[in-house]
Amino acid sequence: MPVVDVDPDALRGLTGRTEKTDEEFKEDLFGLGLEFEGETDDGELQFEFAPDRLDRLSVEGVARSLRYHYGDDRGVYVPETNDAEWTIEVDESVPDERPYVTGAVVRGVDLDESALESLIQLQEKLHATMGRGRAKGAIGIHDLAMVKGAPLREGAERSITYRGIEPDGETFVPLDSNDELTPAEVLEEHDTGRTYADLVSEYDRYPAIYDELGLFSFPPVINGRRTEVDTESRELLVELTGTDQWTIDKMCTIVCYALSARGATIEEVEVAYADGATHPEEYGSDLLRPNLEIDGKSVSHDRIETLLGVDFEPEDVVDCFERSGLDASYTLDEAVTYEVEIPPYRVDVLHPLDLVDDVGRAHGFDELEPRYPDVGTVGGRHERTRLEDAVRTSLVGLGFEDLLNFHMTSGEENYDRMRVEPGTAVLGGGEPVRITEPYSEEYTQLRTWALPSLLLLLEGNTHNAYPQDVAEVGFVAERDEAENTNVSEARHVAGAVARRDASYEAAKGRLQAVCDDFGAELETPRTDHPTFIDGRTASVTIDGESVGVIGEVHPAVLVDHDLEVPVAAFEFDLDALR
Amino acid sequence: MRLPERQLAVLEAASATDERTMDEIAAETGLKPETVTGAAFDLRDEGLLAVTETTTEVAELTDEGRDYVADGLPEIRLYRAAVDAGAADGAVPMGEVIGRADLAGPEVDIALANLPRKGFGGIDSGELTVDSDADPDADPEAAALATLADGGSVDDDGVLARLASRGLVDLVERTTRAVRLTDDGVDALMEGVEAAETVGQVTPELLASGEWADVEFAEYNVEADAPAVEGGRKHVLRRTADRVKDVLVGMGFQEMEGPHADSDFWINDCLFMPQDHPARTHWDRFALDVDPMEEIPPALLDRVETAHRDGWGEDGDGYHSPWSEEFAREVALRGHTTSLSMRYLSGYAGAELEPPQRYFSVEKVYRNDTLDPTHLLEFFQIEGWVMAEDLSVRDLMGTFEEFYRQFGITDIRFKPHYNPYTEPSFELFGDHPETGEEIEIGNSGIFREEVTGPLGVDCDVMAWGLALERLAMLTTGAEDIRDLHGTLADIDFLRTAEVSY
């Protein structure tokens, strides 16, 4: 879950609630779903929250939410914007993988250290969440005074260009460096470059942003040093590139709201996609950004009441909307429906239901009285789990300790240490279902049978007292193209008797008892299985069908598991007892 | 007077004038010493015998002490080897002498430490000198060891303490009990005591012959420990799962089942999880190396894709995330059992469901979490949902309050939360029944219309989930989940974990 660092002094300033203590803020924010996590080294408070309200990724957004919470603000707020002076030209050379760009100009900025830090934090947190680690969207913020734009086409006043270049087609000095590097060199030689190299290294052409003086930003990797922002910067250029126009527009909006809350003025930019360039279908090829349009959705009074289980007066609902930073109007028809206005920084409202949630939060879910639903249904267990359970009860009655082992294992445990070859027609010899990218050598596939797990457990318990009679009714799986999932899943019944006098007879006596419990007819014709001693191995044949194996475990297997007592064991398909 | 046979034997062997030890009585009566002791205490309780206890300290040789009795003390062996090497005439190299004395391992240090202490000689710059006047044959420690080995006793406390500190003897306290007849005992004997016939065990013969009516049963020490009996028992997590299932069945829930390996479609897409959601990236899920799933109902697939791309309903918006059918068909281990809920709600698992319905499962899920005392790669998820017309948040709260109340968790709190698949959503918190600490006990909500709509459900469905292990750790007090679950489990822990019910 995202974490936001909040400077409590900035929060006092931005909310205008100078009298609030840190403790009071923590309590108020808990009510909004931001949970106090701890303090940073320099005394900022850290709050964790669910990843829906990404407009709260900086102190400015947190302060806005609090002002609504306190009732100091009501309804939708959209900052004023000035008309565009700058254009972002999108060249047809931009890489197909990253076609979209957006941006804004921000003037009258006055950032102290804390505010600048907050801005950088917001940028990084947006990268990590909406930006999906900069892959989907990346933000570059520049000192506009250092950007020199000549109008490229008629009507435009000043412009920069987003284009694609050869990996070694240009040099620039990136942030935190003194060297003139090509984009390809940045990916190899610069720390930040190496971190984000995977995002662009497969591209034929690299994304690049130019002004009249040349390349000044290499999104989504790093900005140039020339346009670096510091506390002296008074005018900013914000540019975002990405794989989805909506996403970068929303990220841009959240940044603009944060800067506006610090007293800056937002100025639109024109985004002009060239004829040959991919442009967002839903918006066309000429865009004015940031997109601060208010969204609208309608939701019925009835839906709010049934979902929350509360009777409301329409005025109360409108009040809840306004305290959530929304606006709502309604007509008093037979069925009241609210037309709700949603500010552009909200990225979490996908459906009218989300508005009901806002009403619930504003009303206070704590206020709702729980009630047991007056709905009658009949309960019951699934036949399979009842059968599994009945078999477990039988096994436990025979003195077996019931086990619960992992379904994931390794080829070594499942096959090699049991002397079984994958793809052979013995129990456990099924083809493995492997994990594509295993994280540990111990868990690389699903187990094809349960006996290896029992032996592993015995191996880990040689320090404990014998006898150790253990059993498991559990999941096994193997590759099977006849299944829709291409995996055949089954439950096996496995038992192992580990004691000084463990013998074939000891295992068979117990197996016979289980079969008797279920009225199943057991035969044990002789067979071979590499895990067991030749001549002391039989097929478990239930009602005429071979469904498993029983025998004395081969000394080579025992010794490999550090066992100094004999083990006799059986394993068969649970279905045979049906 | 009638007394059990063994008591009578002890009484008769005791004397009114002399104290006789238990061992003496045992020798005379031919009874086992512990039988004599038991009988003597019974007789004391009757006032017929007096029992006295004397405690003495005796020295017993340790294994090491016994070895030195056989081989000689290391310092004496070193001294003799040094003399043999000519050390009386001048210093000799230590290594040579140690080899000659056949000292090994810790014996070397022992010898080198004790040689100068006893004035046998000295060590300087790796060379040994000896005092040719020393007489190891007169060494009191060696003499004491020999005496003890012969069964004699040693009175010199200083020597014994030294040997004890060297670990060559153990000083142990030994209690000797002796008995003497009391006046009542003498009177009883003079009046005459008869032996009562006692029987050790009820036998088939005794029952069949009717003799049982005439015999007295020997008394047992009923307080003594009995040999341990290991019965099998159901796994502690299974028992917790059973308890959960009982509660849910009692509340009208039917159990679901379905595949562990499933397509991402059922696991995530139906749940309206965007395909670029962090939880769907490769390092969070266990993708399997099998071919994609072929059969997915095409109309359902279309509707789910629509929900992702364009949203659901007139005012719905989709995700601005890529969506590919290819990814939806990939097969992975389920990260939650909500895939089962999707199969049931869509009617794919069986019959089309009409409201009202309640369903649950307590089944395994797979997540690539870091293994630690509270997290496993595989764990059990309790999943439940209620489908009905016009369900409200209050119904959700009421249902979960009832469920948790069954486990002693009252005063449950609902913290508004966010899930991609439910709205409103709540994290559930409650107080630990023992520690009182606030703990998260589940995640819940009402399924979004983007979830229910494509599945063809046109009423409300509320759902919740939590890890079974969390409940089990509460009810068993286990602090490390790895003790319970998996092949690292300790069989002793499983055998001794308290039964919960």
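Chosen from A:Val487, A:Val375, A:Leu368, the residue pairing most often with chain B at heavy-atom distances under 4.5 Å is A:Val375. Put simply, of A:Val396, A:Val347, A:Asp295, the one with the most heavy-atom pairs under 4.5 Å next to chain B is A:Val396. Of the listed residues (A:Arg479, A:His407, A:Glu437), the one with the most heavy-atom contacts under 4.5 Å to chain B is A:His407. For chain B, the option among A:Gly360, A:Gly399, A:Gly460, A:Gly31 with the highest count of heavy-atom pairs below 4.5 Å is A:Gly399. Residue with the most contacts toward chain A among B:Arg495, B:Glu402, B:Lys415: B:Arg495 (heavy-atom pairs, distance under 4.5 Å). Among the candidates A:Pro373, A:Gly309, A:Ala135, the residue making the largest number of heavy-atom pairs closer than 4.5 Å to chain B is A:Pro373. If you tally non-hydrogen atom pairs under 4.5 Å between each of A:Ala477, A:Pro51, A:Gly376 and chain B, the highest count goes to A:Pro51. When each of B:Gln357, B:Glu230, B:Glu450, B:Glu314 is scored by its heavy-atom pairs under 4.5 Å with chain A, the top score falls to B:Glu450. The candidate from B:His320, B:Gln254, B:Met293 with the greatest count of non-hydrogen atom pairs under 4.5 Å with chain A is B:His320. Comparing B:Arg233, B:Met397, B:Lys245 by heavy-atom pairs within less than 4.5 Å of chain A, the highest count is held by B:Arg233.
Contacts between A:Asp366 and chain B at a heavy-atom distance below 4.5 Å involve the side chain alone, from C-beta outward. Heavy atoms of B:Asp291 lying under 4.5 Å from chain A belong to its backbone as well as its side chain. For a residue to count as touching a neighbouring chain, one of its non-hydrogen atoms must lie under 4.5 Å from one of that chain's; by this rule A:Arg303 touches chain B with the side chain only. Heavy-atom distances place no part of B:Ser263 under 4.5 Å from chain A, backbone and side chain included. Only the side chain of A:Phe30 has a heavy atom closer than 4.5 Å to any heavy atom of chain B. Of the two parts of A:Arg361, only the side chain, counted from C-beta on, holds a non-hydrogen atom closer than 4.5 Å to a non-hydrogen atom of chain B. Looking at B:Asn419, neither its backbone nor its side chain comes within 4.5 Å of chain A, counting heavy atoms on both sides. Of the two parts of B:Phe272, only the side chain, counted from C-beta on, holds a non-hydrogen atom closer than 4.5 Å to a non-hydrogen atom of chain A. If you measure heavy-atom distances from B:Leu494 to chain A, the contacts under 4.5 Å come from both the backbone and the side chain. Contact of B:Lys234 with chain A is made through backbone and side chain together, with heavy-atom distances under 4.5 Å. For B:Phe403, no part lies near chain A; criterion is any non-hydrogen pair under 4.5 Å. Heavy atoms of A:Asp354 lying under 4.5 Å from chain B belong to its backbone as well as its side chain.
Between A:Arg371 and B:Ser392, the side chains place a donor N or O and an acceptor N or O closer than 3.5 Å (distance only, hydrogens not considered). Donor-acceptor pairing under 3.5 Å is recorded for the side chains of A:Thr385 and B:Glu255. Remark: the B:Asp315 side chain and the A:Ser298 side chain contain an N/O donor-acceptor pair separated by less than 3.5 Å.
For A:Glu489 (side chain) and B:His260 (main-chain N/O), a donor-acceptor pair under 3.5 Å exists by modelled atom type. In terms of modelled atom types and a separation under 3.5 Å, the side chain of A:Asn484 and the main chain of B:Glu295 share a donor-acceptor contact. At distances below 3.5 Å, at least one donor-acceptor pair connects side-chain atoms of A:Asn461 with backbone N or O atoms of B:Ala489. Of the possible polar contacts, none joining the A:Thr485 side chain to the B:Asp262 backbone as a donor-acceptor pair under 3.5 Å is found. A donor-acceptor pair is defined here as one N or O able to donate and one able to accept, closer than 3.5 Å; no such pair exists between the side chain of A:Thr306 and the backbone of B:Asp390. For A:Glu369 (side chain) and B:Arg394 (main-chain N/O), no donor-acceptor pair under 3.5 Å exists by modelled atom type. A distance-only check finds a donor-acceptor pair linking the side chain of A:Asp402 to the backbone of B:His235 [under 3.5 Å]. Listed for the B:Asp289 side chain is a donor-acceptor partner under 3.5 Å among the backbone atoms of A:Arg434.
Proximity of A:His463 to B:Asp492: side-chain heavy atoms (C-beta onward) are nowhere separated by under 4.5 Å. Within the 4.5 Å cutoff, the side chain of B:Lys364 has no heavy atoms near those of the A:Phe475 side chain. Inter-residue side-chain proximity for A:His351 and B:Glu423 is flagged as unmet; no heavy-atom pair is nearer than 4.5 Å. Residues A:Tyr372 and B:Glu401 fail the side-chain proximity criterion, which asks for heavy atoms closer than 4.5 Å.
Ring to ring, B:Phe286 and A:Tyr443 are not that close: their centroids are 6.0 angstrom or more apart.
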Tell me, with the steps shown, if A:Thr377 and B:Met251 meet side chain to side chain contact (heavy atoms under 4.5 Å, CB included).
-> CA-CA 8 Å; A:Thr377 54; B:Met251 290 171 71; over 6 Å; no
Residues A:Arg384, B:Glu363; criterion salt bridge (Lys or Arg N to Asp or Glu O under 4.0 Å); working and verdict | CA-CA 12 Å; A:Arg384 175 182 59 75; B:Glu363 291 283 336; 3.2 Å; yes
Residues A:Asp389, B:Arg238; criterion salt bridge (Lys or Arg N to Asp or Glu O under 4.0 Å); working and verdict = CA-CA 9 Å; A:Asp389 238 31; B:Arg238 292 276 185 211; over 6 Å; no
